[in-house]
Amino acid sequence: VAFRLQTLLGKIMAVGLTLTFAYSPQMADWDGVLMSESLSFSLFVFLLSLLIELAHRIKKEGLQATRVTWGLAVVWLLATSLWVFTRDSGAYGILVTVLLLGRGFLLPPVRKRLPPMLVAFLFLSLSVVFIFHNATLRASDRWVNPLMNNLIKNIMPYPDRLEYFAGLGLPVTEELLSFVGSDGNETGIYDAEGLMPWVYESGFSAYQRYITAHPFLAIQRLYQNLDAVFVANRQPYFRGSQQSTPLWMIPVGDILHLRDPIVLAVDLILTMVLVSAVLLFKRYSKIAWAIVFGWLFICELALLFVSFHGDALGVTRHTLGAVMPARLSMWLLGIVLIDTLIEIKQNKPL
């Protein structure tokens, strides 16, 4: 980030804020837990760093990507693939990227400024990764328990939703309905008559069909529960001791890791301000930043939607893969905007 900013103030702010964000207990404590979150956070920051560099290089080089740019693209692809397999919701970040690449390449003003072979390579490679991930996910059993939790918490207590799934073959029995109101993660539900054959044959696709058929309801549920998504910023499994955790950093971390869904609104507003500054003041040197943050915001929404609806339990933890980037991008956007405004005030060359 600092390397691609133009002003000394922007560079200093980028280094100080990013490191404080990373080493505050709200983030650093995850390294003490053997779960996928820590690896997912690290890989995301790595791929975001590579993407920032890639976007600036492509903007500068135009139609002819250099070998260095190709090398960075390959490393970014590998990092992104690893990131997807740490948390399944990341696959939909890849889907968003594929759709944006395809859409952008269809627009003549954009296509004339992009290296066609590099874009085609990324488009096809990411498509393969997305398809491969979905195939391995369906072949595994790791989606079964989240689906059961969704049945118990989000489907069976509601007659209209239950009727929809019954129409898709869900065997509704008294034994199955006896789990309504339970806490979730119920092992006994696996013994419900006729349930598991249906789950393995149709359960995955049935839940996808339900979400697709009721998009406004799905969006409304997410919107109504945004407070629950942002309510926490400390991992609940491990607390560092006073000797290992700088307690004075916790209040600082609370500022950087805001526990309020207003983060999403601020992200959107700042992204729009950055795009407007690029267009109105012709700060074309900032186009790469606008593209990165536009991509990041859309990915955050996709990851948030998928991770929220993926499992009825542990929503706050499951959505961290979207919430952490949202919090980070809000502060990075502020720094990039400050850098841009200083450039405009100093009338630096475009």
Visitor: Identify the two heavy atoms, one from Ser182 and one from Ile152, that lie closest to each other, and give their separation to 0.1 Å.
Guide: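 So the two residues come closest at OG-CG2, 3.4 Å.
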Visitor: Taking Tyr210's backbone N and O only, do any of them form a donor-acceptor pair with His214's side chain (distance below 3.5 Å, no angle check)?
Guide: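 Such a contact is found between His214 side chain and Tyr210 backbone.
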Visitor: Does a donor on one side chain sit under 3.5 Å from an acceptor on the other, for Thr66 and Thr69?
Guide: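 There is such a pair between these side chains.
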Visitor: Under 4.5 Å side-chain heavy-atom separation, chaining through any Ile, Leu, Val, Met, Phe, Trp or Tyr, what else clusters with Phe3? Say none if it is isolated.
Guide: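 None; Phe3 is a cluster of one.
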Visitor: Sort and list the pairs that fulfil ring-ring contact (aromatic ring centres under 6.0 Å, His included) and have at least one residue in residues 242-264, not counting sequence neighbours.
Guide: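 Of all non-adjacent pairs touching residues 242-264, those that pass ring-ring contact (aromatic ring centres under 6.0 Å, His included) are Phe21-His257.
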Visitor: Would Tyr207 and Trp143 satisfy ring-ring contact (aromatic ring centres under 6.0 Å, His included), going step by step from the backbone distance to the final call?
Guide: CA-CA 11 Å; Tyr207 189 69; Trp143 54 270; over 10 Å; no
Visitor: Heavy atoms only: give me the nearest Gly93-Leu303 pair and the separation to one decimal.
Guide: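 Result for this residue pair: N-CD2, 3.9 Å.
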Visitor: Check the pair Phe105, Phe123 against ring-ring contact (aromatic ring centres under 6.0 Å, His included), reporting the backbone distance first and the verdict last.
Guide: CA-CA 10 Å; Phe105 205 66; Phe123 180 87; 8.9 Å; no
Visitor: If two hydrophobic side chains count as joined below 4.5 Å and joins carry through other members, does Phe297 share a cluster with Val275?
Guide: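 Cluster IDs for Phe297 and Val275 differ.
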Visitor: Under 4.5 Å between side-chain heavy atoms, chaining through other members, with only Ile, Leu, Val, Met, Phe, Trp and Tyr counted: pull out the rest of the cluster around Leu19, sorted by chain and number.
Guide: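 Members other than Leu19 - counting any ILVMFWY side chain reachable under 4.5 Å - are Val15, Tyr23.
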Visitor: May I ask you to decide if the ring planes of Phe44 and Trp83 are parallel, tilted or perpendicular, using 30° and 60° as cut-offs?
Guide: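 Tilted: the ring planes of Phe44 and Trp83 meet at 30° to 60°.
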Visitor: Heavy atoms only: give me the nearest Leu195-Met148 pair and the separation to one decimal.
Guide: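 For Leu195 and Met148, the tightest heavy-atom pair comes out as CD2-CE, 3.9 Å.
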Visitor: Give me the atom names and distance for the closest heavy-atom approach of Ser38 to Trp30.
Guide: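 Residues Ser38 and Trp30, closest heavy atoms: CB-O, 3.6 Å.
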Visitor: Restricting to pairs with a member in residues 294-319, which pass salt bridge (Lys or Arg N to Asp or Glu O under 4.0 Å), not counting sequence neighbours?
Guide: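 Every pair satisfying salt bridge (Lys or Arg N to Asp or Glu O under 4.0 Å) with a residue in residues 294-319: Glu37-Arg317.
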Visitor: Just to verify, what does Asp339 make a salt bridge (charged side-chain N to carboxylate O under 4.0 Å, His left out) with, not counting sequence neighbours?
Guide: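 Scan of Asp339 (salt bridge (charged side-chain N to carboxylate O under 4.0 Å, His left out), adjacent residues dropped) gives Lys286.
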Visitor: Restricting to non-hydrogen atoms, name the atom on Arg327 and the atom on Trp331 that form the minimum distance, rounded to 0.1 Å.
Guide: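 Scanning both residues completely, I find the closest heavy atoms to be O-CD1, 3.0 Å.
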Visitor: Of all the heavy-atom pairs spanning Lys11 and Ala2, show the shortest one and how long it is.
Guide: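 So the two residues come closest at NZ-O, 2.8 Å.
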Visitor: If you look only at pairs with a residue in residues 40-59, which of them pass as a salt bridge (Lys or Arg N to Asp or Glu O under 4.0 Å), with sequence neighbours excluded?
Guide: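 Of all non-adjacent pairs touching residues 40-59, those that pass salt bridge (Lys or Arg N to Asp or Glu O under 4.0 Å) are Arg4-Glu53, Glu53-Arg57, Arg57-Glu61.
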Visitor: Has Thr20 got a side-chain atom pairing as donor or acceptor with Gly253's backbone, closer than 3.5 angstrom?
Guide: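 Here the side-chain-to-backbone pair does not exist.
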